[in-house]
Every structure is written in C-alpha cells, then in structure tokens.
Amino acid sequence: MDIKKLAPSSNFSLSVPERESILSKRSYIALAALTLCVLIGVPIFSLLVPETSMFYMSAYALTLIGKIMCFAIAALALDLVWGYCGILSLGHGLFFAIGGYIMGMYLMRQIGADGVYKSELPDFMVFLDWKELPWFWKGSDHFWWMLLMLILLPGVISWIFGYFAFRSRIKGVYFSIITQALTYAAMLLFFRNETGFGGNNGFTDFKRILGYSISAPSTRVTLFIITFLVLLGSFILCRALVVSKMGRVITAVRDAESRLMFCGYNPLGFKLFIWVLSAILCAIAGALFVPQVGIINPGEMSPTNSIEMAIWVAVGGRGTLLGPIIGAFAVSGAKSFFTANFAEYWLFFLGLMFVLVTLFLPNGLLGVYHQIFSRNGGSK
C-alpha cells in the first residue's frame, strides 16, 4: 500500500463562507431612486398640485399609504422573530398598541386647554372627575420623554416576558397561545376607565405635534416621509442583522436549536435580543400610526390584529424581509377594498386568504415571483 496516497493533500484548506452583502448594487440604486421619488414627489403632488388635477395626492391617500407603511414596519418586526428565529408571536399587537398609546399620551397633553372642557387635563379625565394627572402621565408633555419611553417600555416588557418564556423552553403553539392571551388580558385592562388610558374610547381629537397643527397638509406630508424613512431604515437594519454572523446563529435557532446548543451556543441571549428588537420596532410603528390616523384605543390590541400581522408575513413570504412589506400592502389594500364594499365578508376573506396561502403558496407572493424568475432564467 502506498502511504503517500493516504496522506492528506497539501492543497486542502478550510475556508469560511464569505459574508453576504447587505444589499446588491442594483438594490441600492433602486432604493435610492425610490427615496428620491418620495422625498420630491410626495410634497409636490400633495402641496403644489391643484386639487382638481388627476395627479393630486389627497389627505386620504396620504393617510392610507402612511398607515400601511406603519403596518409594513410591524410586519418586518414580526418576520424577524418568526421568519428568521422561528418564534411565532400572536401578541405583537400589544407592542404596536403600546407605542401608539405612548404617542397618544404626548398628543393628548399637546391639546392643552383647547379641549372641550378647557382644562389642562385630558377631556376624558375631566369627564371622570379626575383632579390631577396619574403618576405615569408625568413627563408625557415632553417629546424627548415620549421617545425614551417608546424604546424603554416595550423593551422592558418584552425582555421580562421573553426571559421567563425562553428560559422555560416554551416554544411552538404554546408560545403563540401565551402571547395572544397576554395581549387579550392587556386589552381588557385598557378597556377599564380607571386605568387612565381613556377606556373604550381611547385617545383622539389630537390638535398639535411639536407645536404644528396635526391636520395641516405640510404636517401630514412630513409624517408620511418620516414613516417612509423609518420603514427604509428598519429594512436595512434587519437586513444587516440577518446577513451577519449573529444572523446565521439566529437562523440556526430556527432550524436546529438542539444542535446549536451542542455547539456551545446559548440560544437564550439570541432569542431575547431578536424578541426585544422586534417589540421596539413594532412600538415605533404604532407611534407613527397614531398621529396619521388620529386615534388609538384598546381595539388595536385585539387578537384579530395580531393574527392579521402574521397573515401579512405569510402572504408576502416568511423569512425574506421584503415579503412581509409586500404582504402588508397587499392584505391592507384588500382590506380597504372589502371594508368599503363588502364589510361583512372581510374576516371570512382574511381567513380564506391565510388558509390558501398556507396550502398553495408556502413561500408567499415573493416566493411565486422567485419561481417565475428562475423558470424564465432557466429557460433562457
């Protein structure tokens, strides 16, 4: 036997896979062009074009698209935990509503003495014969305090819940049920008048934000552009995360958590990080939602809303980041059509859509596009 033949080749070497780029050059160009169109086109078509023109962008269109972009941010946040970490949350409506209520508290304080009762207290507190603000309303008249609470409050709540849930190895359908139960319990709590959050009516009748009229066309355009930039920044942040080394570990948590533990990794920290980041992104989406829509109430915590978020992700394509954005626009656009024309059938259509996508489009709309594109490329 020739021992030389059994010796390892000197040309053999181990190589680490190259890190995937955040975006391709073509994607950067496309995003830059889209951003330029939004920054220039929206102010022109909303503020300068006459209302009689077919190119005029009405306040309704601004509100509708701005609202859907907030939903897209929430879908992006859910895709981060469900699509890449394998954690299906049916409680992200809670974090969305928390962000909305934090912004709503600030906007209610900005009303000042211009309310119905001409009091410095919010109108619902005057109606309930409250004499002073509750302790948790202190500082809510400062915008910087609102921004701080927007990060800290959902972050702390999600960390506490996530730590005990993940440490106890709760996963799968059990985790989904617990998150939905938590959201439902919070909804019932916020419905009570004595909690200090407006009860069933919530917060509405906003007047100003940072001293500017919230109903002014220029303010609406500014909120629209800010929402677009936050959506764009959130997408790039999530994309940078999933293509990093941490992103590979997070994907391994989804695909083979036990093997990951045998390799010496503790999944708890990675799960917590993604869970908290997702909750904060969802809260930011809720905070941007409220000034554009003009109301926040406990209905935003309903189980239906959290399930709808999961449908956005499933329809667009789980684990793709871009797919949930497409799904949010597709499903929310369909909802606007159905609620305007066939309101009583919307929930049936929503359930049917989720079942059909699960059975026939497991990779979502983006997966269908990739299949068609690959076929055309293969045929050529």
Undergrad: Scan for ring-ring contact (aromatic ring centres under 6.0 Å, His included) pairs involving residues 114-133, sequence neighbours excluded, and state none if there are none.
TA: F124-F203

Undergrad: Please walk me through it: do K171 and V173 pass side chain to side chain contact (heavy atoms under 4.5 Å, CB included)?
TA: CA-CA 7 Å; K171 60 178 66 175; V173 66; over 6 Å; no

Undergrad: Who passes side-chain hydrogen bond (donor to acceptor under 3.5 Å, both in side chains) against S278, sequence neighbours left out?
TA: H92

Undergrad: Is Q180 close to I307 at the side-chain level, that is, under 4.5 Å between some pair of heavy atoms?
TA: yes

Undergrad: Could you tell me whether the side chain of T179 and the main chain of S176 form a donor-acceptor pair under 3.5 Å?
TA: yes

Undergrad: For residues S234 and L76, report the shortest heavy-atom separation together with the two atoms involved.
TA: C-CD2, 3.6 Å

Undergrad: Near F191 CZ, under 6.0 Å, is it more than 12 heavy atoms from other residues, nucleotides or ligands?
TA: yes

Undergrad: Do L31 and I22 belong together in a cluster built from hydrophobic side chains that touch within less than 4.5 Å?
TA: yes

Undergrad: Between F338 and F348, is the ring centre distance below 6.0 Å?
TA: no

Undergrad: Are any side-chain N or O atoms of T219 and backbone N or O atoms of S215, one a donor and one an acceptor, separated by less than 3.5 Å?
TA: no

Undergrad: Any link between I29 and I236 through a network of hydrophobic side chains (Ile, Leu, Val, Met, Phe, Trp, Tyr) touching at under 4.5 Å?
TA: no

Undergrad: Among V313, V315, L78, find the residue that satisfies the side-chain contact (heavy atoms from CB on, under 4.5 Å) test when tested with P324.
TA: V313

Undergrad: Over all heavy atoms of both residues, which pair between L150 and A283 is shortest? Give the atoms and the distance, please.
TA: CD1-O, 3.5 Å

Undergrad: Please determine whether side chain to side chain contact (heavy atoms under 4.5 Å, CB included) holds for the pair L23 and F235, giving the CA-CA distance in whole Å, both sets of side-chain angles, and the decisive distance to 0.1 Å.
TA: CA-CA 11 Å; L23 294 172; F235 173 77; 3.9 Å; yes

Undergrad: Could you check whether the rings of W275 and F175 sit parallel, tilted or perpendicular, using 30° and 60° as the cut-offs?
TA: perpendicular

Undergrad: Rounded to the nearest 0.5 Å, how far does OH of Y184 lie from CG of L90?
TA: 15.0 Å

Undergrad: Counting N and O atoms only, with roles assigned by atom type, does the side chain of S306 sit under 3.5 Å from a partner on the main chain of G93, one being a donor and the other an acceptor?
TA: yes

Undergrad: Please report the closest heavy-atom contact between L88 and A310, naming both atoms and the distance.
TA: CD1-CB, 4.3 Å

Undergrad: Please lay out, stage by stage, how R220 and L223 fare under the test side chain to side chain contact (heavy atoms under 4.5 Å, CB included).
TA: CA-CA 5 Å; R220 291 191 171 276; L223 289 170; 5.6 Å; no

Undergrad: Closest heavy-atom contact between L47 and S218?
TA: CD2-N, 4.0 Å

Undergrad: Is it true that a side-chain atom of T195 and a backbone atom of R192 form a donor plus acceptor pair closer than 3.5 Å?
TA: yes

Undergrad: Give the minimum heavy-atom separation between M103 and P291, together with the two atoms involved.
TA: CG-CD, 3.8 Å

Undergrad: A cation-pi test, strictly: NZ or CZ of R318 under 6.0 Å from the centre of the six-membered ring of W82 and no more than 45 degrees from its axis. Yes or no?
TA: yes

Undergrad: Can you tell me if Y345 has over 12 outside heavy atoms packed within less than 6.0 Å of its OH?
TA: no

Undergrad: Evaluate ring pair (Phe, Tyr, Trp, His ring centres under 6.0 Å) for Y84 paired with F270, printing each intermediate quantity in order.
TA: CA-CA 11 Å; Y84 288 93; F270 295 97; over 10 Å; no

Undergrad: Do V49 and M57 make a side-chain contact, defined as non-hydrogen atoms from C-beta onward lying under 4.5 Å apart?
TA: no

Undergrad: Out of curiosity, N297 CG to N201 CG, how far, rounded to the nearest 0.5 Å?
TA: 8.0 Å

Undergrad: Rounded to the nearest 0.5 Å, what's the gap from CD1 on I284 to CZ on F95? Could you check?
TA: 13.5 Å

Undergrad: Can you name the closest pair of heavy atoms from M246 and L241 and give their distance?
TA: SD-CD1, 3.7 Å

Undergrad: Between S168 and I170 (side chain of the first, backbone of the second, donor and acceptor by atom type, cut-off under 3.5 Å), is there such a pair?
TA: no

Undergrad: Assess whether atom CZ of F161 is packed by more than 12 heavy atoms of other residues, nucleotides or ligands within 6.0 Å.
TA: yes

Undergrad: Drop me the distance from I68's CD1 to T227's OG1, to the nearest 0.5 angstrom.
TA: 12.0 Å

Undergrad: Are any of the side-chain heavy atoms of E257 and K271 separated by less than 4.5 Å?
TA: yes

Undergrad: Between OH of Y56 and CG of L48, what distance do you get to the nearest 0.5 Å?
TA: 11.0 Å

Undergrad: With clusters defined by side-chain heavy atoms of hydrophobic residues (ILVMFWY) lying less than 4.5 Å apart, directly or transitively, does F262 cluster with Y265?
TA: no

Undergrad: Once rounded to the nearest 0.5 Å, what's the spacing between atom CD1 of I295 and atom CG of L107?
TA: 12.5 Å

Undergrad: Do T35 and F228 have side chains that approach each other closer than 4.5 Å (heavy atoms only, starting at C-beta)?
TA: yes

Undergrad: Under the criterion ring-ring contact (aromatic ring centres under 6.0 Å, His included), which of F143, F206, Y101 is the partner of Y106?
TA: F143

Undergrad: May I ask you to test the I214-Q110 pair for a side-chain heavy-atom distance under 4.5 Å?
TA: no

Undergrad: Determine whether more than 12 heavy atoms belonging to other residues, nucleotides or ligands lie under 6.0 Å from atom CH2 of W145.
TA: no

Undergrad: Given 3.5 Å as the limit, does a donor-acceptor pair link the side chain of D123 with the main chain of V116, or not?
TA: yes

Undergrad: Would you indicate whether E344, at its atom CD, is surrounded by more than 12 heavy atoms from other residues, nucleotides or ligands within a distance under 6.0 Å?
TA: yes

Undergrad: Give the cluster check for M149 versus W135: same hydrophobic cluster or not, with ILVMFWY residues linked at side-chain heavy-atom distances below 4.5 Å.
TA: yes

Undergrad: Heavy atoms, side chains only, cut-off 4.5 Å: are V42 and L62 in contact?
TA: yes

Undergrad: For a 4.5 angstrom cut-off between non-hydrogen side-chain atoms, does V242 reach T251?
TA: no

Undergrad: Please determine whether residues I250 and M261 belong to a single hydrophobic cluster, defined as Ile, Leu, Val, Met, Phe, Trp and Tyr linked transitively by side-chain heavy-atom distances below 4.5 Å.
TA: no

Undergrad: Under the side chain to side chain contact (heavy atoms under 4.5 Å, CB included) criterion, do I102 and V290 qualify, and how do the steps go?
TA: CA-CA 10 Å; I102 292 173; V290 170; over 6 Å; no

Undergrad: Heavy-atom count check: over 12 atoms from other residues, nucleotides or ligands less than 6.0 Å from F349 CZ?
TA: yes

Undergrad: Output yes when a side-chain donor or acceptor of S158 lies under 3.5 Å from a complementary backbone atom of G155, and no otherwise.
TA: yes

Undergrad: Any side-chain heavy atom of M125 sitting closer than 4.5 Å to one from P134?
TA: yes

Undergrad: Using a 6.0 Å cut-off, check whether atom NZ of K25 has over 12 heavy atoms from anything other than its own residue.
TA: no

